[in-house]
Amino acid sequence: MNTEIQIEFNKIKERWAELAATDYAKSLIEEASVILDEKELRKQLRDTSDSRDMIEKLGAPPVQNVNEMKEVLTVAQRGDCLTPYQLERVETVLAVVERLAHYLSRGKQYGNPLAYYDENLDSLDYLRDEINRQIRNEAVDDRATKELFDIRTNMVQAEDKMKQKAEQIIRSNKDCMADSFYALRSGRVCVPVKKEYKFKIPGSVIDKSATGNTLFVEPVGVSRYFEELELLKIDEENEVYKILYTLTAMVSDAVEILEEDMRMIEKLDYIFSKGKLSIDLDCVEPKINLERRIILKEARHPLMDKTVNVPLDFSLGDTELDKETEYNETNENRISGIVITGPNTGGKTVAIKTVMLNSYMAQCGLHVTCKEADICMNSNYLCDIGDGQNLSENLSTFSAHIKNVLGILERVNKDSFVIMDELGSGTDPTEGMGIAVAILEELRKSGANFLVTTHYPEVKEYASETEHIVNARMTFDRETLMPTYKMVIGEAGESCAFYIADRLGMSKEMLGTAVEAAYGKAAVDGYKFQSTDDKKTKRKKEPSERITKIKKPKKKAKIDVDYKLGDSVMVYPDKKIGIVCEPANEKGVLRVQVAGKKIWINHKRVKLHVRAEELYPEDYDFSIIFDSVENRKLRHDMGRKFVEETLIEDF
């Protein structure tokens with residue numbers, strides 16, 4: 001797993017990159033990683049301190065992005081002509097160089113080493129002045145040269161003469177004109193002539209109106225000045241290109257100096273971005289050692305709000321030897337590993353992240369969020385934080401942990417720094433404890449510095465009995481049930497789960513059962529809970545949401561309507577006598593013939609008058625009553641032979 005992401009250094013980079021101005025500095029920040037060369041690391045830390053000091057005394061440096069300038073120089077070296085816009089970009093960068101050099105020179109009064117970078121900056125005043133004089137508002141200025149000024153003056157005069165001549169012709173030929181103003185058509189000055197006077201005004205027809213009644217004619221006198229203007233435009237274009245090529249050649253000759261200026265701007269932008277980050281996060285310069293020692297005083301997690309973050313005091317790698325004793329990595333008294341225990345949400349994970357993140361920042365040449373810091377260089381940073389579950393690779397939490405841990409053990413050495421969160425979690429507690437101890441033993445043998453968090457009491461016991469490893473605990477206020485986020489090194493912590501459950505209302509009987517299950521019957525008397533006999537009673541259950549089931553439709557009782565074919569019934573409310581021609585269906589609707597008509601009616605609107613068996617003999621043919629004579633005849637014929645008629649049942 002990516003260490004930078006796990007310890008959130010990638011978020012520090014995002015914040016850091018926002019403080020840089022140039023693309024080059026941003027790319028360096030994106031690629032920033034731990035520095036393994038002690039000399040280079042110390043230089044980077046000095047640069048960070050010097051840049052912060054200069055910013056605090058002189059304000060932010062005047063730097064800007066110069067990426068566009070690189071394209072300009074490429075064009076100049078290729079021999080192409082630079083545009084006025086590109087030349088103005090050159091002038092802008094040279095202005096930045098001048099301001100930056102002045103900014104740095106002011107730092108010399110404070111003896112700041114960064115101030116002497118001004119000697120590597122050349123503002124090329126002659127080139128800047130020349131561009132500033134000849135280029136203005138992304139165009140060649142009229143007074144760039146005397147020749148250009150004369151040409152453009154003559155162009156203005158030619159345009160005025162064209163307009164004056166056109167106005168004169170309009171005044172002299174008012175009757176021929178469709179309007180009293182001249183018009184511009186295709187860049188030419190034209191007079192609006194009525195169609196019928198086309199040949200009275202000598203000249204060329206340039207355009208006509210939508211109706212065709214007005215012709216826009218360029219008079220002969222005007223065309224002479226237009227031709228003069230076109231020749232002047234050619235002269236202007238030649239003079240402009242002459243000026244641009246001259247300035248381009250000057251830029252091309254100064255390419256090496258300009259490239260060096262840009263390199264210095266980008267380099268200083270990167271250096272000053274580190275100083276800005278130090279101020280932004282309220283950091284200090286750490287001391288660097290090669291003695292596997294990490295000491296942090298009032299350390300903070302850089303991404304946490306300073307007003308709510310509880311400072312962390314931490315030390316690792318110290319020995320009990322006299323300070324004058326020479327360091328020896330095989331020293332029996334050296335502490336290389338710490339096993340941190342404590343309650344959930346007690347700050348264990350934040351603590352180990354804080355230590356590694358500050359160490360990582362220091363080895364990247366950055367300041368750290370501490371009051372004081374003495375940090376050792378590490379060959380690599382290895383960590384296992386989070387559940388690591390990966391569904392795409394079919395990895396459970398425990399499998400992901402073990403895969404990551406095995407990768408760490410393959411890379412770990414005596415100069416490594418390792419952190420592991422919830423060691424041995426995600427599986428059977430007994431087996432997880434055994435695996436945790438085995439991992440700790442491998443880390444101890446490697447000689448690496450390591451921090452691990454755990455809840456296993458057996459691991460705490462292992463740490464207390466093993467050389468080079470100590471316990472540490474995150475403190476917890478039993479009165480308020482709140483963690484204090486302070487680490488005490490040298491003492492084993494407890495999860496406080498029983499005390500939290502006690503304060504939240506779990507009965508004494510349940511707590512006793514829990515302690516007995518965890519530590520045996522003898523351990524029950526060692527816990528002093530606040531629970532009283534009143535808490536033995538069951539807690540009143542709060543009403544909860546209920547699942548709404550689909551109601552199955554009730555089976556409708558079969559409607560028992562005892563009406564048969566031929567029964568005589570009384571139809572209400574008219575109280576007419578009818579005969580049942582179709583018995584009631586499942587909905588209780590039957591068909592009754594009343595006064596020669598067959599109607600559908602609900603059984604509730606009829607009442608039995610006389611049963612069919614009392615009116616008709618057995619096997620009586622009811623078609624005599626309900627069917628027409630024609631249908632009866634057709635049915636009779638169909639019983640004897642084939643007929644083409646269609647029998648229509650109307651009941």
Side-chain angles (χ1 to χ4, degrees), residues 68 72 75 79-92 129-251:
E68 191 177 16
V72 174
V75 173
D80 294 341
C81 183
L82 294 177
T83 65
Y85 172 83
Q86 292 172 325
L87 288 167
E88 281 192 339
R89 301 288 75 75
V90 175
E91 191 271 334
T92 301
D129 291 342
E130 199 67 18
I131 295 175
N132 190 44
R133 184 179 66 82
Q134 300 190 43
I135 307 297
R136 190 161 300 171
N137 298 326
E138 299 182 12
V140 177
D141 190 68
D142 292 347
R143 297 185 180 274
T145 63
K146 183 179 182 303
E147 291 77 7
L148 182 62
F149 179 75
D150 292 340
I151 292 170
R152 288 184 174 172
T153 300
N154 293 334
M155 288 173 64
V156 172
Q157 293 174 353
E159 289 177 351
D160 290 340
K161 289 177 181 178
M162 288 168 58
K163 295 173 184 177
Q164 291 171 6
K165 186 64 175 176
E167 290 173 350
Q168 180 185 350
I169 293 171
I170 292 173
R171 288 195 300 269
S172 302
N173 301 275
K174 288 183 180 180
D175 296 339
C176 303
M177 299 297 156
D179 203 344
S180 58
F181 302 98
Y182 64 82
L184 289 176
R185 288 293 185 272
S186 303
R188 296 170 179 263
V189 176
C190 303
V191 295
V193 180
K194 294 178 181 178
K195 182 179 180 181
E196 55 269 25
Y197 297 108
K198 172 181 178 182
F199 299 104
K200 191 172 181 180
I201 306 298
S204 303
V205 177
I206 305 301
D207 198 0
K208 65 179 179 179
S209 65
T211 60
N213 294 326
T214 302
L215 302 178
F216 294 97
V217 178
E218 182 186 38
V220 174
V222 173
S223 63
R224 180 167 58 86
Y225 293 119
F226 179 78
E227 291 172 2
E228 180 184 340
L229 180 61
E230 290 298 299
L231 292 174
L232 287 171
K233 285 183 178 180
I234 294 172
D235 293 339
E236 180 202 26
E237 183 178 1
N238 291 335
E239 186 63 23
V240 166
Y241 272 113
K242 178 181 175 182
I243 294 168
L244 293 178
Y245 270 112
T246 301
L247 292 175
T248 301
M250 294 175 69
V251 172

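With values rounded to the nearest 0.5 angstrom, R143 atom CZ is found 11.5 Å from R133 atom CZ. Separating the CG atom in N132 from the OG1 atom in T92 is a distance of 9.5 Å, to the nearest 0.5 Å. Note that CZ of R89 and CD of E68 are 6.0 Å apart. Values are rounded to the nearest 0.5 Å. Atom CG of L87 and atom CD of E130 lie 11.0 Å apart (nearest 0.5 Å). One finds the SG atom of C190 at 8.5 Å from the CE atom of M162 (value rounded to the nearest 0.5 Å). For the atom pair CG of L229 and CD of E159, the computed distance is 5.0 Å after rounding to the nearest 0.5 Å.
Nearest heavy-atom pair across Q86 and C81 is OE1-O, 4.3 Å. For the residue pair P84 and A139, the shortest heavy atom distance occurs at CB-N, 3.6 Å. The two atoms that bring P192 and T214 nearest to each other are CB-CG2, 3.9 Å, heavy atoms only.
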Could you go through residues 231-249 and list every donor-acceptor pair under 3.5 Å that involves a side-chain atom there, pairing it with any protein atom two or more places apart or in another chain?
from : atom 1 : to   : atom 2 : distance (Å)
E236 : OE2    : R152 : NE     : 2.9
E236 : OE2    : R152 : NH2    : 3.3
N238 : ND2    : I234 : O      : 3.3
E239 : OE2    : T145 : OG1    : 2.9
T246 : OG1    : K242 : O      : 2.7
T248 : OG1    : L82  : N      : 3.0
T248 : OG1    : L244 : O      : 2.7

Please output the side-chain donor-acceptor pairs of residues 165-187 that fall under 3.5 Å, not counting sequence neighbours, one pair per line with the distance.
from : atom 1 : to   : atom 2 : distance (Å)
S172 : OG     : Q168 : O      : 2.9
N173 : ND2    : I169 : O      : 2.9
R185 : NE     : D207 : OD2    : 3.4

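The side-chain contact (heavy atoms from CB on, under 4.5 Å) check on D150 picks up K146, with sequence neighbours excluded.
Distance alone, capped at 3.5 Å, places no donor-acceptor pair between the E218 side chain and the S204 backbone.
Inter-residue side-chain proximity for E91 and I135 is flagged as unmet; no heavy-atom pair is nearer than 4.5 Å.
Sparse packing is recorded around NZ of K208, with 12 or fewer heavy atoms of other residues, nucleotides or ligands lying under 6.0 Å away.
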